[in-house]
Amino acid sequence: MSENFRSSETKFLDKTNRISFIYNGKKYYGYKGDTLASALLSNGVHLIGRSFKYHRPRGIMTCGSEEPNAIVQIGGNGSFTEPNVRATEQEIYEGLEASSQNCWPSVEFDVGGINNFISPVIPAGFYYKTFMWPRKLWYSLYEPAIRMSAGLGKSPTQPDPELYDHNHLHCDVLVVGGGISGIIAASISADNGNNTVLIDDKNSLGGSTIFQDDENFKIDDEISSVWLNNQIKNIKNKKNLIIKQRTSLAAYHSYNYLLARENLADHKSLNERANKLRQRLWKIRAKKVILATGAIERPLIFNNNDRPGVMLASSVKKYIDYFGVKCGNKNVIFTNNDSAYETAISLNKKGINVTIVDIRGKSSSVLVKNAKDAGIKIYWNHTVVDTKGYRRIKSIQIMEMSEDGTNVIGSKINLVCDNLSISGGWTPMVHLFTQSGGKLKFRDSDQVFLPNTATSDQINVGSCNGDFELDDIIKNTISDCKSFLSSSSTDFDLIKVSCPKQKENKNVWLLPNDKPLGKTKPFLDFQNDSTAKDIKLAMREGFRSIEHVKRYTTTGMGTDQGKLANMHALGIISETAGVKMGSLGTTTFRPPYTPLSFGTIVGRNVGTFFDIIRKTPMHTWHENHKAEFENVGQWKRAWYYPKTNESMNQAVQRESKAARESAGILDASTLGKIDIKGTDASEFLNRVYTNAWSKLGIGKCRYGLMLNEDGMVYDDGVTTRLSENHYLMTTTTGGAANVLSKLEDYLQTEWPELDVWLTSVTDHYATASVCGPNSKNILKKIFPNIEFNDENFPHMSFKNAELDGIYCRIMRISFTGEHSYEINIESKYGKSLWEKCMDAGKEFNITPYGTETMHLLRAEKGFIIVGQDTDGTMTPIDLQMDWIVSKKKYDFIGKRSLYRSDTMREDRKQLVGLLTDNPSEVLEEGAQIVQDEKKQPIEMLGHVTSSYFSPNLNKSIALAVVKNGKKLKGQKLLVPMKDKTIKVTVSDFIFFDNKNERLNA
Amino acid sequence: MKNNYSIFSLIKNSLTYHENWQQAWRDPEPKKEYDAVIIGGGGHGLATAFYLAKKHNMKNIAVVEKGWIGGGNTGRNTTIIRSNYLWDASAGLYDHALKLWENLSQEINYNVMFSQRGVMNLAHNLQDVRDLKRRTHANRLNGIDAVWLSTEEVKNFCPIINTSPDIRYPVLGGTLQRRAGTARHDAVAWGYARGADSMGVDIIQNCEVKAIKRSGDAVEGLETTKGFIKTKKIGVVAAGHSSVIANMAGIRLPLESKPLQALVSEPVKPIINTVVMSNAVHAYVSQSDKGELVIGAGTDAYVSYTQRGSHDVVEGTLKAILELYPIFSRMKMLRQWGGIVDICPDASPIVSKTSIKGLYFNCGWGTGGFKATPGSGDLFAHTIANDEPHVLNAAFNINRFVSGDLVDEHGAAAVAH
Amino acid sequence: MFIITCPFCGERDQSEFAAGGEAHIVRPKQPTELSDDEWADFLFMRKNIKGVQFERWNHAHGCRKWFNVIRDTSNDKIHAVYKMGEKPPIK
Amino acid sequence: MLDINFPKFEKKDFQDLTLNLVEPINKINLRGKNRDFFAKAGKILSIMLPIDPNTSATIKNISAVWLSPDEWMVYGKDIDKNISLSLDNEISKLNLGSVTDVSDQWILINMKGKNVFDVLSKGSPFNFNKFKSTKNIVVQTLLNHVDVILHQNDLNNVNLFVRKSFSEHLWLWINDSSSFL
């Protein structure tokens, strides 16, 4: 079509700024400020897409976020592509690419259209009733077929090149909606001294009043649009008012926590968008909220009411008055109320042919009189019974309605048209109100749900509160806002409003037809193709609740979230069931109000910022020495240090040998460190650890095991007594934060009487752990003033020291079984300390080793790792650590749980060693252990928790937990793998130096 | 059985414009007395009634539901079905359920759209790898079809996952259970309801329980908004509201009811053909037959009966989704909602008798109850009918919290090294 | 996302806090004297009330103090907060 | 000599915002509640430890910031060794409370300029509306999921404390957010 439908001038578009865009491969033109919908309509394009189920041709119905049909794929196949975008909301930009969805090969000719012909056999919920026989066809044929037919648009297949951001906003008053009531509310609020935020989803403020040029609608003797324009001008100068346009409220949570999406780029051409933010999510905390979200027009439900060219009357008005676009040359307006007459008059003024079909008997309002005077033909008491035209409406058939409106009489009248503007009255947008927890009430006079009781500090004004006429809107908005904000201002008190409409409308949910319902297609949900028939079928089958009917028929489950469909569904249900509509309740409106991009919700928390990275003071050294890193919680820990073309295994074997044969060094800075002070420190440790602490000598270290109250091992580590009332506790890397808060919890809530103070010093100290036969010699070089002989500095003791005048703590403790020392120093010196150790150790071939080697070395010694050898089901007894559980102590965390019938069982899973019959065979960690493979069901005795090839023993070793393991020592067991079964023997779990001679070597 | 569902019945009824379909279930008033009453008309409750009638010939029974059947967690979950659990007891329970799923549509003549598209669990750190391998070995020996996948195999099975080694928590591998998948949640409730109803079970909606009547330590009946109902056996399947009923009966349960959230995207053409779960990077995703991405978020840490959770949980989940699937950044969230899940300290359910004679509880399913629906119903029916547990649910008794013999499915809940 | 009034720091966003579950479950002074049932009661059994619940919260990312909150779990409205060891301001 | 390594944060200027690493800074954690504790601390520091929540007291180069009813952080450039010594001797050693050197536990990043709070608001749920216009005010909150202590002595001039192991990550985030003002 080459005809230009941009009929009239409009001040809302920048006519000097002509823009080209591509739709279904064809180039079209529009103007800056056009939506894709208005631009397409100006080119005479109505056919936009195909419906989900029957693949019926569909066009543009509305001009806003309620649009069910005109949803397109934006941005071609590139990385900017986006499915299911409403043509009625997308602003055009130079080079915009858009294409129809859910059709193949083209929207003009779509193979899926076949569904329309089999539609009699596939009513609502048909798939629940079939595809069950034969069973195997379900898997091979039916289910794949159903899955193939899924979806509308296409998911992107490339990462998103654009950026998103978040920001928190705290204000006194948030006004949602920039229509006339929102403007008035914002103005009153700001003048009242509240810091106020006004958000509106459009690119220009003023809602539908901004293009209301009818002389009949006057405010203070000015045309309403003129008056509003002045109001907008003056609120823009208010200091304490922030106005955010192209910003739509997505969700309204409790405690007045609201999420709003600000659109910064979607209206700009791609080359203007590089490295800029696309959208920003505002996380708003408002003391008070004023909702002015407006109302949307209802469609009318009659046979074949879904053809391209069937549009909401108010939208047709916006297209002509705001965008200067006519939606057809021959318009029929089909209505049950006065507001559609505004559309008729607007069209008529622009010289466009209009006929009106009104289901009412009459209306005495000025507006209707004007229409008559303009010579517009009105069919009173008539209804549309059918429409014709496949890809665009061509004609309609109307009939007279019977007295009671339940039937049609007389003969059909055929009206030729290329546009049918329908108006079924108005539905207040109470979605956000209900999201916030507000309860609705029902108004019978015009069959609308209205805000009733709110759970948060907020009010609703304007048409979302059920005021549909200008005079009510303005007067109530003013008085409600003033009392809500307890404003004493007298502004607007004397406002004069004239509004010529009659407020009664005649509401018929499902219009009568000459054909039986079964032979007609009166659509409710245009996107999901659910009809009034489907609703009645669902109810016939026993589905009563609105939620059931909705789910069974998929009504309101589309991307428009049923903004158009839900009320009629409710209406038809209540009529059919013969119950009052108010008593039915509504479906729950779930956030978001309009669909929200994942990227927007996530903001900058992608890639680098997906999660925190914690680094030790020596991190750069590890990097410079080619360390591979392991994620431990949020920490990056050196895992192993491969030499050129060394495999992980080779590196670990080398590191392990070096540590035992001469010297190794480990970065242990990530271990949690808690400074404990106070006169009750010892008593406190007695209560939180399983063993006794009071007698620990000053300057001595002790290993401790911490349980949960349920008796299961929770954490472990070495704690040092620095002085009478001063300890330093170390925790596992992953446990640090939890242990500290657990200990604080007990101190604050259970034992407030204890004089104990905890302070985390995890990040304050860097820790280098030097181990191996030569560790002593290395430390001697670094700390010449300290005597490192066993008398002066025995195992499990500590010394204060100085290094170049810097204070250090040295603990002689060992997690490897080797003679070894842990040096703690202020973290700013950590890297330097490490380098000093490396220098001093050079002559002894000191070898840096990572967590993997550490794990191997400790496994040779049978030391457990909490979280690897335990899984929250192991008691100290299970770990054969009875020695650490004080029998004398009256109580400690978890003690009581050790004496329950199950925890006392002799044959619980217990920690043991496993040796493979083939010493070179290394078991897989996690492998299961059995005694008898044949027995069915096979009994699993336990599993392998740690497993390595020990270079120092030159054989494979493993730790495992095995049912009744203590008693099985020496016995043969089996480890069944997928492809083979490995023979193992239960052994002691200390494989290396079980006399601990090396500790003092 | 009422009139059979099939393609032929559809064609036949299309000739009469589908005017002659029968009600899927009746809408009866409660009788004075039943042999047993099930509290809770969700999937588990309706399945229980179905199997009581079918297998134990208890047909004079009722299901009382305070709202609408299937309106609770059944209609709110992300419909993941799998049986690759660690402990024998759990594996037995969930695989029993999975076997029932495989024939369920035929058994109840209602297509529950059970789709065995496979469920993949990803590992993101070394302990994940140990835990998942441990589970896979246990599954294999328990006859459950779980296999370990290398990172490459993960990529091959679901190409859109970002398996780059450069992401914050790279995918180090995963497990796959091919028999696992999804089903249509509403259909499960509706199908069981229709099946039970056709055997004479009364399904009474909008009937809220107000009190449990006891004489001594045995139940006598229940006070409801539709009057008193006499019965000697009460099976409570009230999910998030289990504790509310327990308080009526004067017993305490080791439960906390917390918000669990989920969301769906707008529908798109098929893009992900399996179910992918990741615990370390908390994100579960699959694609519904309508084309929506169905995404499970986490629970909040506090008790709430509001069916709303905090936004941070949703943000955290989508953050994880974009880490694993960067291509979804421009997809849009269409709907977000919450349910109330009742969680046991050991993350395993309670399907058990109680200290009160004739009072049985089926609860504590936490975040994963849907997958167990048929098995849970079958075993709970057995427990009620015989007044003693089936071997498959014996381990899930209430007494385990006293003895300490828990079924700890947190896996390696303990801290990492 | 609630707004919780820390009795020390004032109104803060929920994300700064950690929930600690049911309040006023005092750790038995003499656990060894308890029967397995009594101990299980302390360990695991919870009221899990639908309605007004007394619970513990910790200002984990603020002053790190534990305190009590009275919240209606049926609508998440917070009725009062009070410090550890204090008597509930409302029954 | 041991050399000192702080994270490599170069001073950065953004629109109405300057980011700057300020180290070394002495930081001392004080915990206690009895009268003697307050008296001693006040005497040695010649600052009364602030008891009003979220406030601070500054004299010369030393600031004492409130962290909780029984916890404070005292910080400043080159705090006299004797002060920390006497704090330790006269409080810790006499069991009046606890004194712990946390100089390297925390990294101090100074944020100066009109846009400080725009950046902070991107990552923090805290309501800065009052804070903005108040001197000697302190808040412990979250910034991009990281624990921080924010201390404002002069308006639009905030000292941000973050645990050292988190500091590099947070520095990157602050820089990133500052570039999208």
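Naming: A, B, ... by sequence-line order, numbering from 1 per chain.
Looking at A/Leu671, neither its backbone nor its side chain comes within 4.5 Å of chain B, counting heavy atoms on both sides. Residue contact with chain A, scored on non-hydrogen atoms closer than 4.5 Å, involves the side chain of B/Ile271 exclusively. The part of A/Tyr257 that comes within reach of chain B is its side chain, from C-beta onward, which places non-hydrogen atoms under 4.5 angstrom from that chain. Interface remark: A/Met557 contributes backbone and side-chain atoms alike to the contact with chain B (heavy atom separation under 4.5 Å). Only the side chain of B/Leu263 comes within contact range of chain A, with at least one heavy atom under 4.5 Å from a heavy atom of that chain. With a 4.5 Å cut-off on non-hydrogen atoms, B/Ile167 does not touch chain A at all. Proximity to chain A (any heavy atom under 4.5 Å) is restricted, for B/Asp186, to the side chain, taken from C-beta onward. Looking at A/Val944, neither its backbone nor its side chain comes within 4.5 Å of chain B, counting heavy atoms on both sides. Heavy atoms of A/Thr670 lying under 4.5 Å from chain B are absent altogether. Only the side chain of B/Arg308 comes within contact range of chain A, with heavy atoms under 4.5 Å apart. Only the side chain of B/Ile295 comes within contact range of chain A, with at least one heavy atom under 4.5 Å from a heavy atom of that chain. Both the backbone and the side chain of A/Met977 have a heavy atom closer than 4.5 Å to some heavy atom of chain B. Only the side chain of A/Asn528 comes within contact range of chain B, judged by heavy atoms closer than 4.5 Å.
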| field | A/Asp611/B/Tyr169 under side-chain hydrogen bond (donor to acceptor under 3.5 Å, both in side chains): CA gap, chis, key distance, verdict | value | CA-CA 9 Å; A/Asp611 192 23; B/Tyr169 299 105; 2.5 Å; yes
| request: Check step by step if salt bridge (Lys or Arg N to Asp or Glu O under 4.0 Å) holds for B/Glu19 and A/Arg540. | output: CA-CA 8 Å; B/Glu19 301 278 351; A/Arg540 198 173 303 123; 3.4 Å; yes
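By the 6.0 Å and 45° rule, B/Lys319 stacks over the aromatic ring of A/Phe610. Cation-pi geometry between B/Lys290 and A/Phe52 is met: the NZ or CZ atom falls under 6.0 Å from the ring centre, inside 45° of the normal. A cation-pi arrangement is absent between A/Lys978 and B/Trp148 under the rule of less than 6.0 angstrom and at most 45 degrees off the ring axis.
Looking only at atom types and distance, the side chain of A/Asp902 has no donor-acceptor partner in the side chain of B/Ser403 under 3.5 Å away. Defined by atom type and a distance below 3.5 Å, a donor-acceptor pair is missing between the side-chain atoms of A/Tyr127 and B/Asn111. Of the N and O atoms on the side chains of A/Thr559 and B/Glu266, not one donor lies less than 3.5 Å from an acceptor on the other residue. Side-chain contact check for A/Lys129 and B/Asn109: no donor-acceptor pair (N or O, by modelled atom type) lies under 3.5 Å.
When the candidates B/Ser105, B/Ala187, B/Gly75, B/Ala138 are compared by the number of heavy-atom contacts under 4.5 Å with chain A, B/Ala138 comes out ahead. Top candidate by heavy-atom pairs under 4.5 Å with chain A, chosen from B/Arg117, B/Arg135, B/Gln116, B/Arg335, is B/Arg117.
Side-chain atoms of B/Gln127 come within 3.5 Å of backbone N or O of A/Gly867 as a donor-acceptor pair.
Minimum heavy-atom separation, B/Arg168 to A/Ile612: NH2-O, 2.7 Å.
At a threshold of 4.0 Å, the pair A/Lys283-B/Glu315 counts as salt-bridged, since one of the basic side-chain nitrogens sits closer than that to a carboxylate oxygen. For the pair A/Glu82 and B/Lys332, the salt-bridge criterion is met [side-chain N within less than 4.0 Å of a carboxylate O].
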